[in-house]
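Computation of the quantities below employed the complete heavy-atom set of this structure, encompassing side-chain atoms and omitting hydrogens, waters and symmetry-equivalent molecules. For reference, positions follow the sequence shown, starting with 1. Everything numeric in this text was worked out from a predicted model, so none of it was measured.
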Amino acid sequence: MVLNKSILLKTACLFMLFFNNIKVAAQQPADYVNPFIGTSNYGAAFPGPIAPRGMASISPFNVAGPQNLPLEKDSRWLSNPYVNENKFITGFSQVNLSGVGCPELGVILLMPTTGEVETNHLKYGSTYSNEIAKTAFYGVTLDKYNVKASFTASKRVGVSKFTFPKGKSNILLNLGLGLTNEEGAMVKVVSSTEIEGMRSVGSFCYNSPEDAYPVYFVAKFSKPAAKFGVWKKPSKYEGIEAQWMGYNGKTRMMDNTIKTVVGDSIGTYFSYDFDKEETVEVKIGVSYVSIANARENLEKETGNKSFDAVYKETYNEWNEELSKILVEGGTKEDKTIFYTALYHTLIHPNTLNDYNGEYPEIKRSKIGKTDGTRYTVFSLWDTYRNLHQLMSLVYPKQQSNMVKSMLEMYDENGWLPKWELNSTETFTMVGDPASIVIADTYLKGIRDFDVQKAYKAMLKGADQIENNPLRPGLRDYMEKGFLTTNDRGPVSTTQEYNVSDYSISLLAKALGKTADAERFKNRSLSYRKLFDKNLKLLRPRIANGNWYEPFDPVSGANFEENVGFIEGNAWQYNFMVPHDIKGLMKLMGGEKAFSAQLQKIFDIKQFDMANEPDIANPYLFNYVKGEEWKTQQMVKKLVREYFQNKPSGLPGNDDTGTMSAWLVYSMIGIYPISPGDPLYTITTPMFDKVTIELDSKYYKNKNIVIEREVNKDGKINKILLDGKTLNGYFISHDDFVNGKTLKVIQN
């Protein structure tokens, strides 16, 4: 009897240990990620797999179907390959962008079908069910064919697995469908298990066709096809040309050919005839340099690895990166939106160089080579405000390589990047944001880059009046202190130049260049000339210096055209002078007037959580003594309202991780209030404990811990750094990372 009790006790203990281990495994940071967040409400995220900073990614492509307008060249403006509400898939694209507002990539579409080969995507597309998305994995069932499709990815290779029923099955590779408007593709069936080719892309934000560039690929199949071929649809130059080619406006099918085929709307098919249920895996390596590099990327990264092995490696890499910030307390929903946001910040900027280090230089005049990582997709008008600050704090080696990539672009192009995409400088949006990011990085102690070259590049962008693509309207800015209505978005562009100039002044001071420091600090304050003391708003001036009339402070919201502002209105831009909040406060008539005007933005519903110019506004109450509680209240309210565990759980475009970075900071309780300034402002953390791992190459401490002590859900009563009370709601970056524990105590 005693023996039986002992056995029962041991058995119970083993069961407890077993279930505890399951519980621990289920609580890994990577397990909380929900890639469906941001796939609706214009979030422009995709739910498919990608490795951290990956070049390759796989997304279900469901924006070309019967319930939507057919997505043909020049027919629609869609910046993402997937919208959660749509339910008709026409393929799975192999290179994609996350959270952007202009279309690009979303090409090289793989699609499994059964029966006879059909090349019209509207006919071969299918509804779908059993959709699953998690870190490094996406799975779905195609209803029309009863095919189960699963996907994962390494850094430069997308891996697909299709489980087919008994009978005739096909795998289509469509190079004619995609998000972009440019034309041109090439494909060659190398053998019954391999395809190589390229697709032309590059029309981001209506760029010139001259900016088109190739994405190369190699696809390898785990089973040889019983039959294969290439199709070519007639181009827009139908008629005589089409007749001369011999297909009279119909799709031309070329069976069992291994010759190279070129065209605008081409594709390949691999067909099988299975006598039982079978699985085929397809690995697609991509490169922006060559087919040979795409093949090497595929072989070096995935080789003979199984689907499950690739998935496990990428999942582990994600878990390692996400574990740099460990949170305790809070609900499962809180952890889900938090780790999904952190996940979204680790997609862009992403890797451009191949496994061998090669990458196309800006203007694509030659191939460069790096021993580190050459990054691409710098949506800097968005990311200069918070994402790069997060990288400097948590992933400083990555941030260092991002700065080095920017300086390489300067060497290649003569200018720092503005909105760089796959070695094409799009010059989209306004301002000179790279200067802010570089100064901010250096002032946070990340200095393993050529700062003298960086400073020279900043001065060129800030001072060269003629032929300056970074700062149009610079002559007026330097002579008058502001851009006029002759220029695009004169008020907001003036503000952007001001923020850049302030960052340059900070870096100049750190480098001992006192004259430059003073000059650029003075330039950074010129927004004051656009301040209308009667309205307590910034407003545009015409060339002779008079106020622009008629002036409507509300005009410009929701992306409507506005004479004075870019993507916003006078209310949304009114406080976007983060480097001179005290000066703005004085212009407005003191703390009370400042606070009242700030509060009014929220009261009259002019605050826009979905766009960058005003996203720091909730934190600005921290500048008014006694009203810091408004920041705590407002940040928490905005998090709960706009960031949720559902497809529409982002306020709008994620803007390559900028909105997600706002959430990460807001949930851990600090925010980089003034871009370029190594400074954080503090609010209530939404977790009991946050542990941020620090990189020993850049920071002396192993980690920094943020804790909250809650007696009731009230206002912050005291803030302690290593037991010592902070005087106010601000902390320098150095004090923060050199401390051990930041404790926030509520009433």
Side-chain angles (χ1 to χ4, degrees), residues 34-49 57-72 75-76 78-94 96 103 106-134 137-152 158-179 231 233 251 265 267 269-272 274 277-282 646-649:
N34 177 8
F36 285 122
I37 293 175
T39 59
S40 183
N41 192 36
Y42 305 99
F46 61 85
S57 60
I58 299 179
S59 175
F61 195 95
N62 72 359
V63 293
Q67 77 275 50
N68 313 301
L69 288 173
L71 185 61
E72 301 290 358
S75 66
R76 299 186 71 190
L78 278 171
S79 65
N80 46 303
Y82 175 93
V83 176
N84 188 260
E85 290 81 1
N86 295 347
K87 297 300 175 186
F88 189 85
I89 279 179
T90 51
F92 301 89
S93 48
Q94 304 292 306
N96 304 280
V107 293
I108 312 175
L109 270 70
L110 206 61
M111 181 68 180
T113 68
T114 62
E116 295 302 315
V117 173
E118 171 61 63
T119 62
N120 183 332
H121 64 278
L122 294 177
K123 293 180 179 179
Y124 71 62
S126 172
T127 59
Y128 55 96
S129 55
N130 304 319
E131 198 177 18
I132 299 171
K134 57 185 181 178
F137 179 87
Y138 176 83
V140 72
T141 299
L142 299 176
D143 300 333
K144 185 175 182 178
Y145 307 111
N146 193 27
V147 171
K148 182 180 178 181
S150 303
F151 306 91
T152 190
V159 184
S160 306
K161 180 169 69 173
F162 303 122
T163 302
F164 293 100
K166 177 182 176 180
K168 186 172 182 180
S169 300
N170 316 289
I171 300 177
L172 311 178
L173 185 66
N174 191 334
L175 298 178
L177 197 60
L179 293 179
W231 79 74
K233 295 182 180 180
T251 297
S265 296
Y269 65 89
F270 271 34
S271 294
Y272 303 86
F274 297 126
E277 182 179 273
E278 291 280 2
T279 296
V280 181
E281 292 187 10
V282 186
K646 57 185 182 181
S648 60

Set of residues satisfying ring pair (Phe, Tyr, Trp, His ring centres under 6.0 Å) with respect to Phe162, sequence neighbours excluded: Phe151

Distance-minimising heavy-atom pair for Leu142 and Tyr128: CD2-CB, 4.4 Å

Residues Leu110, Ile171; criterion side-chain contact (heavy atoms from CB on, under 4.5 Å); working and verdict: CA-CA 7 Å; Leu110 206 61; Ile171 300 177; 3.8 Å; yes

Shortest non-hydrogen contact between Pro60 and Gly48, atoms and distance: CD-N, 4.3 Å

Side-chain touch Phe36/Lys646, heavy atoms, less than 4.5 angstrom: no

Check: Asp143/Ser126 side-chain N/O donor and acceptor closer than 3.5 Å: no

side-chain contact (heavy atoms from CB on, under 4.5 Å) between Trp231 and Asn174, worked out: CA-CA 9 Å; Trp231 79 74; Asn174 191 334; 3.9 Å; yes

Thr39/Phe46 under side-chain contact (heavy atoms from CB on, under 4.5 Å): CA gap, chis, key distance, verdict: CA-CA 6 Å; Thr39 59; Phe46 61 85; 5.7 Å; no

Single hit among Thr279, Thr114, Val280 for side-chain contact (heavy atoms from CB on, under 4.5 Å) with Phe274: Val280

Nearest non-hydrogen partners of Phe88 and Leu122, listed with the distance: CZ-O, 3.7 Å

Where Tyr269 and Ser271 come nearest, the two heavy atoms and their spacing: CD1-OG, 3.5 Å

Distance, nearest 0.5 Å, that separates OG1 of Thr163 from CG of Asn146: 10.0 Å

Nearest-0.5 Å distance, OG of residue Ser150 to CD of residue Glu281: 9.5 Å

Gap between atom CG of Leu172 and atom OG1 of Thr119 - 0.5 Å precision: 8.5 Å

Tyr124 side chain reached by Val117 side chain, heavy atoms, under 4.5 Å: no

Residues forming a salt bridge (Lys or Arg N to Asp or Glu O under 4.0 Å) with Lys144, sequence neighbours excluded: none

Close side-chain approach of Met111 to Ile89, heavy-atom, < 4.5 Å: yes

Side-chain donor-acceptor contact under 3.5 Å, Asn80 with Tyr82: no

Any side-chain donor near an acceptor of the partner, Glu85 and Ser40, under 3.5 Å: yes

Those residues that, when tested against Glu278, pass salt bridge (Lys or Arg N to Asp or Glu O under 4.0 Å) (two or more places apart): Lys223, Lys276

Nearest non-hydrogen partners of Pro165 and Ser169, listed with the distance: O-OG, 4.0 Å

Inter- and intrachain pairs under salt bridge (charged side-chain N to carboxylate O under 4.0 Å, His left out), touching residues 111-126, at least two apart: Glu116-Lys168

Closest heavy-atom pair and its distance - Val63, Leu179: CG2-CD2, 4.2 Å

Asn62 side-chain N/O to Val83 backbone N/O, donor-acceptor pair under 3.5 Å: yes

Any residue meeting ring pair (Phe, Tyr, Trp, His ring centres under 6.0 Å) with Tyr138, in chain and number order, not counting sequence neighbours: none

From OG1 (Thr127) to NZ (Lys87), nearest 0.5 Å: 10.5 Å

Donor-acceptor pair between Tyr145 and Asn170 side chains, under 3.5 angstrom: no

For Ser93, all residues meeting side chain to side chain contact (heavy atoms under 4.5 Å, CB included), sequence neighbours excluded: Ser59, Phe61, Pro81, Asn96, Leu109

OH (Tyr42) with more than 12 external heavy atoms under 6.0 Å: no

Ser160 vs Ile58 side-chain heavy atoms within contact, under 4.5 Å: yes

Thr141-Asn130 side chain donor-acceptor pair, cut-off 3.5 Å: yes

Distance, nearest 0.5 Å, that separates CZ of Phe92 from CG of Leu173: 13.5 Å

